[in-house]
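What you see is a predicted model, and the numbers here were worked out from it, not measured in a lab. Worth knowing before you read on, the calculation uses all heavy atoms, side chains too, and leaves out hydrogens, waters and symmetry mates.
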Amino acid sequence: LGAITTCIIVLPFILIILPPLLWYFLRSRNIFVTTSRELKRLEGTARSPIYAMLNESLNGIATIRANDVVDYFQEKFVYLQNFHSRAFFAFIAGSRWVGFRMDTIMFINITAACYLAVLFNQQGWFKVDGVVLGLSLTFLIQLSGLFQWCIRLSAEVVNAFVSVERVVEYSNLPPEAALVRECDSKELMLGWPKSGKIEVLNVSARYR
């Protein structure tokens with residue numbers, strides 16, 4: 001804001017191009033934030049099965065090898081990894097998309113400031129001091145990197161809340177049955193269990 005204010009004070013005629021650039025900036029930011037939030041949610045959802053499968057594979061490696069299903073687990077892991085990679089690549093591509101547009105906005109801003117400064121000075125419409133013009137252009141060039149950084153931070157705040165959203169979603173899951181229920185005391189009063197033994201009657205079993 002300080003850099004833009006300085007440029008407006010030094011070069012008031014830059015206000016000619018700021019409104020359309022500001023509109024395009026807000027539009028690009030809204031598209032990026034909305035898209036990156038959904039992609040981050042999809043990426044987080046696709047990441048969980050990978051960790052779950054790694055844990056299952058490490059704990060059950062003996063069973064997997066004994067049943068000769070190593071190829072099956074490899075194919076399943078590749079499928080999950082590809083699903084996650086698609087979401088992550090789309091998120092990176094979205095970041096490049098907004099980065100290119102932010103650079104374009106700053107390039108148009110700097111180019112217009114240079115041309116308008118020369119035009120207004122030559123026509124005598126506005127006296128432009130070369131030193132002050134250099135100062136304002138230096139601010140605009142520095143603003144190019146800050147612009148992208150600001151957009152990424154604002155989007156990262158929104159994306160980080162996807163984790164909060166997932167925690168809230170898990171916290172709202174229906175709870176399991178309580179460890180102690182009212183019917184338990186009634187059954188205990190009826191004398192269950194009467195003895196500490198298990199009777200098995202008329203049971204037969206055979207292997208396939």
Side-chain angles (χ1 to χ4, degrees), residues 28-103 145-208:
S28 300
R29 182 192 175 280
N30 288 337
I31 293 173
F32 173 67
V33 170
T34 304
T35 306
S36 64
R37 181 179 62 240
E38 296 302 322
L39 289 173
K40 198 71 174 177
R41 183 181 290 118
L42 185 62
E43 191 260 338
T45 305
R47 191 192 315 128
S48 300
I50 295 178
Y51 291 132
M53 187 174 181
L54 279 174
N55 189 33
E56 291 173 3
S57 301
L58 291 174
N59 291 332
I61 187 67
T63 307
I64 292 172
R65 289 175 177 171
N67 289 292
D68 195 22
V69 288
V70 175
D71 293 337
Y72 167 76
F73 268 77
Q74 284 180 344
E75 292 177 2
K76 186 178 178 181
F77 181 80
V78 168
Y79 171 78
L80 294 175
Q81 182 66 40
N82 286 338
F83 185 72
H84 173 262
S85 297
R86 283 196 296 268
F88 187 70
F89 180 80
F91 178 76
I92 297 297
S95 299
R96 290 293 88 214
W97 178 88
V98 74
F100 175 76
R101 273 149 184 79
M102 294 303 105
D103 285 342
L146 292 174
F147 229 46
Q148 285 198 37
W149 182 69
C150 177
I151 293 296
R152 291 180 192 279
L153 277 185
S154 64
E156 197 63 32
V157 170
V158 178
N159 295 335
F161 270 94
V162 173
S163 302
V164 179
E165 183 184 73
R166 287 167 63 85
V167 170
V168 171
E169 182 180 343
Y170 282 123
S171 66
N172 291 330
L173 289 175
E176 298 179 359
L179 293 176
V180 179
R181 301 177 301 171
E182 293 182 3
C183 60
D184 294 340
S185 58
K186 295 178 181 178
E187 292 177 352
L188 289 173
M189 289 176 64
L190 295 175
W192 182 91
K194 295 181 179 180
S195 59
K197 64 179 182 179
I198 299 175
E199 294 184 2
V200 181
L201 303 175
N202 299 325
V203 175
S204 61
R206 69 176 183 179
Y207 292 104
R208 283 187 297 179

Using every non-hydrogen atom in the two residues, find where [X] and [Y] come nearest and quote the distance to one decimal.
{"X": "Ile50", "Y": "Ala46", "result": "CG1-O, 3.8 Å"}
{"X": "Ala90", "Y": "Leu39", "result": "O-CD1, 3.5 Å"}
{"X": "Trp97", "Y": "Ser28", "result": "CZ3-O, 3.7 Å"}

Is [Y] close to [X] at the side-chain level, that is, under 4.5 Å between some pair of heavy atoms?
{"X": "Ile92", "Y": "Phe88", "answer": "yes"}
{"X": "Thr45", "Y": "Phe83", "answer": "no"}
{"X": "Ile64", "Y": "Tyr72", "answer": "no"}

[atom2] on [Y] to [atom1] on [X], rounded to 0.5 Å:
{"X": "Lys40", "Y": "Thr35", "atom1": "NZ", "atom2": "OG1", "answer": "14.5 Å"}
{"X": "Glu43", "Y": "Ser36", "atom1": "CD", "atom2": "OG", "answer": "12.0 Å"}
{"X": "Arg86", "Y": "Gln81", "atom1": "CZ", "atom2": "CD", "answer": "11.0 Å"}
{"X": "Leu173", "Y": "Tyr170", "atom1": "CG", "atom2": "OH", "answer": "8.0 Å"}
{"X": "Phe73", "Y": "Leu80", "atom1": "CZ", "atom2": "CG", "answer": "11.0 Å"}
{"X": "Thr63", "Y": "Glu56", "atom1": "OG1", "atom2": "CD", "answer": "11.5 Å"}

Original post:
Would you say the side-chain atoms of Thr34 pair up with the backbone N or O of Ile31, donor to acceptor, closer than 3.5 Å?
Top reply: no

**OP:** For the pair Ser85 (side chain) and Asn82 (backbone), establish whether a donor and an acceptor sit closer than 3.5 Å, ignoring hydrogens and angles.
**Re:** no

**OP:** Give a yes or no on this: more than 12 heavy atoms of other residues, nucleotides or ligands lie within 6.0 Å of atom CG of Asp68.
**Re:** no

**OP:** For atom CZ of Phe91, decide whether the heavy atoms of other residues, nucleotides or ligands shown that lie under 6.0 angstrom number more than 12.
**Re:** yes

